[in-house]
Amino acid sequence: MDNIAGKKSGLSIVTNLSVLLLVLIWLIPTVGLAVSSFRDRQQISETGWWMSLFPVEQAIRVTPEMGEPTRDGDLYVLSGNVFGEDGSGSVSAFGITSRDPGAAEAGMTYGRLKLEVLDEGGEIDTENFETAWETGGEPQIPETDEDGRAVQGWFIDRALTMESDGTYEWVQDSEPRRAPSLYIVSQQPPDFGLQNYELILSSDNMDQAFINTLTVTIPATVIPILIAAFAAYALAWMDFPGRGWLVAMVVGLLVVPLQLALVPMLTLHNDIGIGQSFLGIWLAHTGFGLPLAIYILRNYMTGLPRDIIESAKVDGATDFQVFTKIVLPLSFPALASFAIFQFLWTWNDLLVAKVFLPSNSSSWVMTVKIADDLLGSRGGDWGILAAAAFVSIAVPLAVFFAMQKYLVRGLLAGSVK
Amino acid sequence: MSPIIQGILTIFIGVGGCIAYFYGSNLVLDRVIFPARSDDHGRNIRRATMVRPWLFLLPAILALGLYLVYPVIGSFWRSLFNRSGDVFIGLGNYTEMFGEAGFRTALLNNFLWVIFVPAGATFFGLLVAQLTDRLRWGAIAKSLIFMPMAISFVGASLIWKFVYAADPDIGIINAIRDSMGFAPVDPLQIPFWNNFFIMFIMVWMQTGFAMVILSAALRGIPEETIEAAIVDGANPFQVFFRIKVPQIAGTIVVVWTTITFLTLKVFDIVYTMTGGNFDTEILPSYMMDYMFRDDGRATAVAFVIMLIVTPVMIWNIRQARKEL
């Protein structure tokens, strides 16, 4: 037996590790999305979410407070620190345009020069030329411009000198009216917040889609339960010819692909005036949910003790009373499991909503909103997409973790016979 | 009217209507049509008992008939007509469809899905069920692996779009490749294999389902059979493959077929991940391409899906009849 015990502990380490690995693989994608939904959108594109706790090397624009410019010959000079008087930070690169925010390394000077060239008519023409040079040194001026015209002379239009501690010197050839915009690449602390959620809920109509989803889901969950409960009781506890065939039919309908219903039912809805509407989708979800509902509830009700039901009947209770007073309360676990299924199914559904609801933005449910709108219009905007996805999966996840017990029970009732 | 108020109203009307219908119809049956107090009250009670089941069943039969039975015939009938629905073209939609490369790709891909998704989900589900069986933190592990089941297919697709992103600063797969010095790739654009990357999303979502059911089945195996095997010197692998798996084979089949059916319904993942591009189309997403544009073609695709499902449906019904 020692031998077996020894083997067992070795095996148990392997078991623990492999389960840990599987759980990580299963969890990491969702965690990634969750973390990203709280990150600053620019930081998302700079580093992966797994680095989100570390500072991000990020290009930002700073507009330092403008002091009184000093004169240096023809030039006006502004100086200070981009991090403020008391602030600290480290600049790795800087620039003077948003086009190229990291144009030069810290410690250098970067500027826009005006080159003077002769145009075809012999007049002097000026051209912009951007370059970096050693601070205190002279910029390298090309002998000809891009078109091959000889450069006659040059002067500084604007130039920026930046040290890695953030002290800068801004030089300009005209009197500055407002503070210049400086671009620096520096280590930014991790930036977590609810910005993405605020954005998605305020400007992207996700709140409307959330309400629409809720509007679809609740009636589409409650109504089939009620109808199915009565039918399941009849199929479980009432005797009538054709019962067996009806049960078999329900089992058969469990697997009918719902794609079949889309075209004929939409046509029918249009013909009888329901059209694409919330009423239509409630009816559709009711129809599609019924086979599973009847199946689960009937399986459960058949298992209820015969004595209780028969003694109630002997005491003069009608079937209606037996059903409402005895069977329904006893079937609560099965009702709860089906309710969770139907809730998750209708909340998460894309297909039925695309077909049976009007395709305008005021009737979009969240899945349609994400798949048809956000993925197109916000394609690369991961912060927004992540936040939207999280808004849509938050409720099912909450339901899932709160009612997992019933969900598992329902799955078992539906599958293991 | 705002949809919220409309929704609340519908709940009241729907629920109230259902209750009123069931209560009222029973009342009418017992008091008006077959009152139990007149001379032939015994016969009336018997008659009422004969009618009552149908009162209970009526709404369900109506809804099932309308939303699931009628469409089988209705869809087939519609698929025999052309795009606008006024010219009868017999099997024209089917022949035209089978001649099209896009449809054949979808059919072939769907074939891959039907094989690999249930296989993958059942395999991982069984693996987790077995590994967590005696684990102290097994319940937490199972709960976490079960979780994707609550997420919508669209949400799950988005989660994996993030994982698969070609930018190494977004997608973790390309980040790992990048750190090993490989050039970034877009997994969704690699011919043929992209299907498997998309399928894995479905496996990821369905493993929890398989695990829950197989885990319960494993618990249901009589302890003596396992003990006897251990006493006879079987190693853990032999116990698993020779003793446990054969005893839960029935459940494995149920899990497998359930996931297969689901796989034939799901268009959301392909729709969200690639929109059917890069040769990843499957039948349900192929159908949605034609929905609203060519109802004849769309119903023909739906009917092909129905034909694929039919053998298992008949088998299911037979099983149900046997149990009654």
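Keep in mind that what you see is a predicted model, and the values were worked out from it rather than measured. Naming: A, B, ... by sequence-line order, numbering from 1 per chain.
Shown here are the ring pair (Phe, Tyr, Trp, His ring centres under 6.0 Å) partners of A/F390, two or more places apart in sequence or in another chain: there are none. Scored by the side-chain contact (heavy atoms from CB on, under 4.5 Å) test, A/P396 finds A/L344, A/W347, A/N348, B/A150 as partners (sequence neighbours excluded).
Looking at heavy atoms from C-beta onward, A/F288 lies out of side-chain contact with B/L64 at the 4.5 angstrom threshold. The shortest distance between side-chain heavy atoms of A/T324 and B/Y23 does not fall below 4.5 Å. The closest side-chain heavy-atom distance from B/P284 to A/Q259 is below 4.5 Å. Here the side chains of A/H285 and B/Y67 are not in contact, with every heavy-atom distance at 4.5 Å or above. Between B/F162 and A/P29 there is no side-chain heavy-atom pair separated by less than 4.5 Å. Under the 4.5 Å side-chain criterion, counting only non-hydrogen atoms from C-beta, B/D268 is not in contact with A/D349. In this structure the side chain of B/Y271 reaches within 4.5 angstrom of the side chain of A/D372, judged on heavy atoms. Counting heavy atoms from C-beta on, the side chains of B/F76 and A/L260 never come closer than 4.5 Å.
Only the side chain of B/W160 has a heavy atom closer than 4.5 Å to any heavy atom of chain A. Heavy atoms of B/W77 lying under 4.5 Å from chain A are absent altogether. Neither the backbone nor the side chain of B/A156 comes within contact range of chain A; no heavy atoms are under 4.5 Å apart. Contact of B/M291 with chain A is made through the side chain alone, with heavy-atom distances under 4.5 Å. For B/V72, the parts lying near chain A are the backbone and the side chain together; criterion is any non-hydrogen pair under 4.5 Å.
Note: B/F22 and A/F230 have parallel aromatic rings, judged against thresholds of 30 and 60 degrees for the angle between ring planes.
Note on A/L27, A/I370, A/I223, A/T30: by heavy-atom pairs under 4.5 Å with chain B, the leading option is A/T30. No other option in A/T318, A/L283, A/V399, A/L375 has as many heavy-atom pairs under 4.5 Å with chain B as A/L283.
To the nearest 0.5 Å, atom CG of residue B/L135 and atom OG of residue A/S12 are 7.5 Å apart.
For A/F400 and B/F146, the ring centers sit closer than 6.0 Å to each other.
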